[in-house]
2 protein chains.
Amino acid sequence: MNKKQLITQLSGSLNLSKADAERTFDTITNTILDALKGDDTVKIAGFGTYKVAKRKARVGRNPRTGEQIQIGASQKVKFLPAKSLKEMFNK
Amino acid sequence: MNKKQLITQLSGSLNLSKADAERTFDTITNTILDALKGDDTVKIAGFGTYKVAKRKARVGRNPRTGEQIQIGASQKVKFLPAKSLKEMFNK
DNA sequence: TTAGTATATGCAAATATAGCATACCCCTTT
DNA sequence: AAAGGGGTATGCTATATTTGCATATACTAA
């Protein structure tokens with residue numbers, strides 16, 4: 001399912017125009033991203049937790065040449081599914 | 001930030017009552033979960049991809065006792081942040 | 001059309017995971 | 001509003017799994 005299909009489905013469920021459904025959806029993702037940018041963890045009960053994980057610098061490798069490369073520290077967004085999700089998918 | 005705070009903020013941004021904001025939000029998460037339950041991958045451009053990862057059975061270990069344990073196959077929801085997110089958090 | 005994402009490659013190092021107790025935070029229910 | 005119950009973080013060891021580097025291609029989406 002891609003974003004367009006998701007928006008179409010939400011448009012029906014929420015009784016909104018597709019444009020409004022998309023605006024609504026974007027507002028939500030942006031709100032979450034803004035919180036994360038402020039280094040805040042976003043916990044959503046029954047769904048999961050979004051957090052910014054700091055990754056240490058390390059040694060990588062160019063798969064083409066095999067040559068070693070130093071990789072700097074970085075950050076990435078992590079999503080930890082809630083317990084209820086885990087159960088939902090393991091029945 | 002927890003769900004209540006998120007809903008409060010969305011209520012303002014979307015000009016909805018808190019009840020409606022929550023209903024809207026829940027509809028979205030449920031739509032995503034339903035797709036995932038149907039073994040569908042949910043791709044959201046500019047945000048990320050949710051997918052169900054199948055994990056094979058394997059031998060684990062009880063960290064308390066050190067004892068070996070057989071672990072059954074399981075599934076978990078994974079979120080892969082989009083490229084733009086990665087850039088957003090590494091400037 | 002252009003933008004975005006998946007794939008594929010080798011390999012070192014980071015991270016996840018398993019069970020479980022404790023502490024704590026959240027959340028729902030009186 | 002207060003409280004009880006549920007969810008989550010932490011810490012423990014050893015192994016399994018993932019990550020992410022460069023880059024081009026294939027494919028899908030906006």
Filter on ring pair (Phe, Tyr, Trp, His ring centres under 6.0 Å), then keep only pairs touching residues 26-53 of chain B, sequence neighbours left out; what's left?
A/Phe79-B/Tyr50, B/Phe47-B/Phe79, B/Tyr50-B/Phe79
Could you state the CD-C1' distance from B/Glu87 to C/dA3, rounded to the nearest angstrom?
12 Å
Only pairs at least two apart or in different chains count here, so list each salt bridge (Lys or Arg N to Asp or Glu O under 4.0 Å) that has a residue in residues 31-55 of chain B.
B/Asp34-B/Lys37, B/Asp39-B/Lys54
Under 4.0 Å, counting only non-hydrogen atoms across every strand here, what does A/Lys54 touch: a base, just sugar-phosphate, or nothing?
sugar-phosphate
Its contact letters, B for base, S for sugar-phosphate only and - for none at protein heavy atoms under 4.0 Å, make nucleotides 19-30 of chain D read BSBBB-----SS
Starting at CD of A/Gln70 and ending at P of C/dA14, how long is that distance when rounded to a whole Å?
10 Å
Which residue lies toward the 5' end of DNA chain D, A/Gly46 or B/Ala57, if each is placed at its nearest nucleotide?
A/Gly46
Heavy atoms within less than 4.0 Å of DNA chain D: which residues of residues 8-32 of chain A have one? Give them sorted by number.
none
Assign each of A/Lys56 and B/Thr49 the nucleotide of DNA chain C bearing its closest heavy atom; nearer the 5' end lies the nucleotide of B/Thr49
Can you check the A/Lys83 NZ to C/dC27 P distance for me, whole Å?
16 Å
Atom pair distance, as rounded to whole Å: CD1 in A/Ile44 and C1' in D/dG6
18 Å
B/Val52 reachable from A/Leu6 in the ILVMFWY side-chain graph, under 4.5 Å edges:
yes
Rounded distance in Å - CD (A/Glu67) to P (C/dA12)
15 Å
Tell me every residue that passes side-chain contact (heavy atoms from CB on, under 4.5 Å) with B/Gln70, counting only those two or more places apart in sequence or in another chain.
B/Ala57, B/Val59
What pairs of residues pass the ring pair (Phe, Tyr, Trp, His ring centres under 6.0 Å) test when at least one of them lies in residues 16-38 of chain B, not counting sequence neighbours?
none
Please compare B/Ser84 and A/Gly66 by the position of their nearest nucleotide in DNA chain C and report the one closer to 5'.
B/Ser84
Which part of the nucleic acid, if any, lies within contact of A/Ala53, taking any heavy atom under 4.0 Å across all strands shown: a base, the sugar-phosphate backbone alone, or nothing?
nothing
Rounded to whole Å, how long is the line connecting atom CZ of B/Phe79 with atom P of D/dT18?
17 Å
Could you tell me which non-hydrogen atom of A/Val77 sits nearest to which non-hydrogen atom of B/Pro81, and how far apart they are?
O-CG, 3.4 Å
Among all residues two or more places apart in sequence or in another chain, which pass the side-chain contact (heavy atoms from CB on, under 4.5 Å) test with B/Ala19?
B/Ser17
Sequence neighbours excluded - salt bridge (Lys or Arg N to Asp or Glu O under 4.0 Å) pairs with any residue from residues 3-15 of chain A:
A/Lys3-A/Glu22, A/Lys3-A/Asp26
Whichever hydrophobic residues join B/Ile69 through chains of side-chain contacts under 4.5 Å:
B/Ile71
